[in-house]
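Along the sequence shown, residues carry numbers from 1.
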Amino acid sequence: MLRTDWTLDEVKAIYHQPVLELVAQAAAVHKEHQTTGEVQVCTLLSVKTGGCPEDCAYCPQAARYHTGVQAHKLLPDAEVIAAAQRAKDSGSTRFCMGAAWREVRDNRDFDRVLNMVTEVNNLGMEVCCTLGMVNEYQAERLKQAGLYAYNHNLDTSAENYSNIITTRTYDDRLDTLEHVRKAGISVCSGGIIGLGETDEDRVAMLHTLATLPAHPESVPVNALVPVQGTPLADQPRVSVWEMLRMIATARILMPKTMVRLSAGRQEMPVSEQALCFLAGANSIFSGEKLLTTPNPDFDADKQMFATLGLTPRKSFKDVPVGATVLGKAEAVTVEA
């Protein structure tokens with residue numbers, strides 16, 4: 001039975017176990033609720049880069065920081081669809097499009113994103129977007145276009161949030177998750193560790209995610225990739241033990257959720273990644289970039305999969321066979 005009534009003390013007790021006990025418990029939960037050895041392969045493309053008005057202290061795309069990121073407007077539709085096809089050909093089953101917007105605006109750029117969603121959906125891939133805040137109407141339009149998932153990370157705890165971001169509130173983020181869920185879109189929401197937060201902040205963020213009205217279908221666990229020019233440029237690298245605590249605790253609290261080993265993987269040898277998979281991670285981003293930061297490429301991940309005996313998860317695995325995932329142009333029918 002899935003629980004959404006975890007107490008903060010319960011989450012603390014899980015998180016602060018000896019790390020080997022924690023990993024063993026998470027591995028058992030993972031085996032009970034998931035197909036072990038199966039990992040979702042996702043690709044993330046920045047379809048609109050830089051120039052963001054937000055002040056997220058970790059982000060090289062914020063216009064106020066001088067990070068060397070070259071801003072560009074929304075990519076041509078054909079270029080995005082071609083990138084999605086390449087990702088599919090390389091083994092990805094989910095394609096995520098990110099735009100450095102504070103919020104979605106009802107304009108021609110959003111109409112173009114809706115078309116991109118439909119076209120990627122028609123390739124037979126799960127399509128995800130991360131576009132900033134959305135209202136109910138915009139979430140519904142994304143659903144009608146064929147969007148499968150929407151990413152909107154909490155980033156950190158409510159208590160630590162104002163130390164990282166001041167240009168929107170924690171409640172703004174929770175409101176967007178509510179709008180996405182109400183539209184019938186799969187929720188992808190996690191956070192970043194290594195921002196200077198405490199263990200208590202990490203526990204509080206996991207508690208918030210695990211006590212939402214329904215667990216997010218996907219929880220990315222990101223390790224900060226420090227970027228020169230941002231306020232967090234000098235933060236030390238997060239250790240594998242910290243990642244293991246986050247991943248294992250997320251797995252225990254949210255047994256059926258996809259837990260994504262996300263940013264920071266470039267710095268992790270295969271041995272460290274293997275520990276994260278043992279602790280319950282079952283999703284990764286593959287491809288040379290995560291928006292603007294380095295990431296392992298497809299060839300490296302294929303070698304890792306071969307070494308560890310991992311297999312890619314199929315698109316739309318949780319959608320009943322014969323169901324349709326709607327898009328404007330045509331509907332994708334989920335096959336066995």
Original post:
Is R265 salt-bridged to E267, going by a charged N under 4.0 Å from an acidic O?
Top reply: no
Original post:
If you measure only the distance, is there a donor-acceptor pair under 3.5 Å linking the side chains of T169 and D172?
Top reply: yes
Original post:
Side chains of D89 and Q85: is there a donor and an acceptor less than 3.5 Å apart?
Top reply: yes
Original post:
Would you call R181-E217 a salt bridge at under 4.0 Å N-O?
Top reply: yes
**OP:** Would you give the length of the straight line joining atom CG of N163 to atom CD of E197, rounded to the nearest 0.5 angstrom?
**Re:** 10.5 Å
Original post:
For T49 and H72, what are the C-alpha separation, side-chain angles and deciding distance, and is it a side chain to side chain donor-acceptor pair (under 3.5 Å)?
Top reply: CA-CA 5 Å; T49 301; H72 68 67; 2.8 Å; yes
**OP:** State whether the side chain of R202 and the backbone N or O of M246 hold a donor-acceptor pair below 3.5 Å, judged by distance alone.
**Re:** no
**OP:** For T130 and G98, indicate whether the former's side chain and the latter's backbone hold a donor-acceptor pair under 3.5 Å.
**Re:** no
Subject >> I193 side, atom CD1; L206 side, atom CG - distance, nearest 0.5 Å >> reply: 9.5 Å
Subject >> Carboxylate-amine/guanidinium proximity below 4.0 Å for D55 and R168 >> reply: no
Subject >> Donor-acceptor pair, side chain of S92 and main chain of K88, under 3.5 angstrom >> reply: no
Original post:
Between the main-chain N or O of M268 and the side-chain N or O of Q273, is there a donor-acceptor pair closer than 3.5 Å?
Top reply: yes
Original post:
Can you name the residues that form a ring-ring contact (aromatic ring centres under 6.0 Å, His included) with F305, not counting sequence neighbours?
Top reply: none
**OP:** Verify whether one side chain among R251 and Q25 offers a donor that lies under 3.5 Å from an acceptor in the other.
**Re:** no
Original post:
Heavy atoms, side chains only, cut-off 4.5 Å: are D301 and I284 in contact?
Top reply: yes
Original post:
When C129 is tested against each of Y148, Y150, F95 for side-chain contact (heavy atoms from CB on, under 4.5 Å), which residue passes?
Top reply: Y150
Original post:
K48 side chain to K73 main-chain N or O, any donor-acceptor pair under 3.5 Å?
Top reply: no
Original post:
Taking atom types as modelled and ignoring hydrogens, do the side chains of Y137 and D106 form a donor-acceptor contact shorter than 3.5 angstrom?
Top reply: no
**OP:** Verify, without hydrogens or angle tests, whether N107 (side chain) and F110 (backbone) share a donor-acceptor contact under 3.5 angstrom.
**Re:** yes
Original post:
So, N160 and S157: side-chain donor and acceptor under 3.5 Å apart, yes or no?
Top reply: no
Original post:
Do the side chains of L123 and E119 get nearer than 4.5 Å, heavy atoms only?
Top reply: no
Original post:
What distance do I252 atom CD1 and Q17 atom CD have between them, rounded to the nearest 0.5 Å?
Top reply: 6.0 Å
**OP:** State the OG1-CD distance between T257 and Q34, to the nearest 0.5 angstrom.
**Re:** 8.0 Å
Original post:
Is any side-chain heavy atom of W6 less than 4.5 Å from a side-chain heavy atom of I14?
Top reply: yes
**OP:** Look only at the side chain of N282 and the backbone of V259, and say whether a donor-acceptor pair between them is shorter than 3.5 Å.
**Re:** yes
Subject >> Nearest-0.5 Å distance, CG of residue N122 to CD1 of residue I81 >> reply: 9.0 Å
Original post:
Would you find a donor on one side and an acceptor on the other, under 3.5 Å apart, between the side chain of S262 and the backbone of V221?
Top reply: no
**OP:** Look at K256 together with E32 and state whether they make a salt bridge at an N to O cut-off of under 4.0 Å.
**Re:** no
Original post:
Do side-chain atoms of S90 reach the backbone of R86 as a donor and acceptor pair under 3.5 angstrom?
Top reply: yes
Subject >> Close side-chain approach of L45 and L75, heavy atoms under 4.5 Å >> reply: yes
Which donor-acceptor pairs under 3.5 Å do side chains of residues 225-234 form with protein atoms, sequence neighbours excluded?
| residue | atom | partner | partner atom | Å |
| --- | --- | --- | --- | --- |
| T230 | OG1 | V227 | O | 2.7 |

Subject >> Pair E272 + R237: basic N to acidic O under 4.0 Å >> reply: yes
Original post:
How long is the gap from OG1 on T176 to CD on Q138, to the nearest 0.5 Å?
Top reply: 9.0 Å
Subject >> side chain to side chain donor-acceptor pair (under 3.5 Å) evaluation trace for N121 with T118 >> reply: CA-CA 5 Å; N121 180 63; T118 298; over 6 Å; no
**OP:** Decide side chain to side chain donor-acceptor pair (under 3.5 Å) for E126 and S315; before the verdict, give the C-alpha distance in whole Å, the side-chain angles of both, and the deciding distance to 0.1 Å.
**Re:** CA-CA 6 Å; E126 296 178 8; S315 295; 5.2 Å; no
**OP:** Side-chain contact test, heavy atoms from C-beta onward, threshold under 4.5 Å: evaluate it for L154 versus T208 and give yes or no.
**Re:** yes
Subject >> Expected output: side-chain E242 to main-chain S239 donor-acceptor under 3.5 Å >> reply: yes
Original post:
Does any donor atom in the side chain of Y161 or R173 lie under 3.5 Å from an acceptor atom in the other side chain?
Top reply: yes
**OP:** Would you check if R112 and L74 make a side-chain contact, meaning some heavy-atom pair closer than 4.5 Å?
**Re:** yes
Subject >> Single hit among K31, R313, K314 for salt bridge (charged side-chain N to carboxylate O under 4.0 Å, His left out) with E38 >> reply: R313
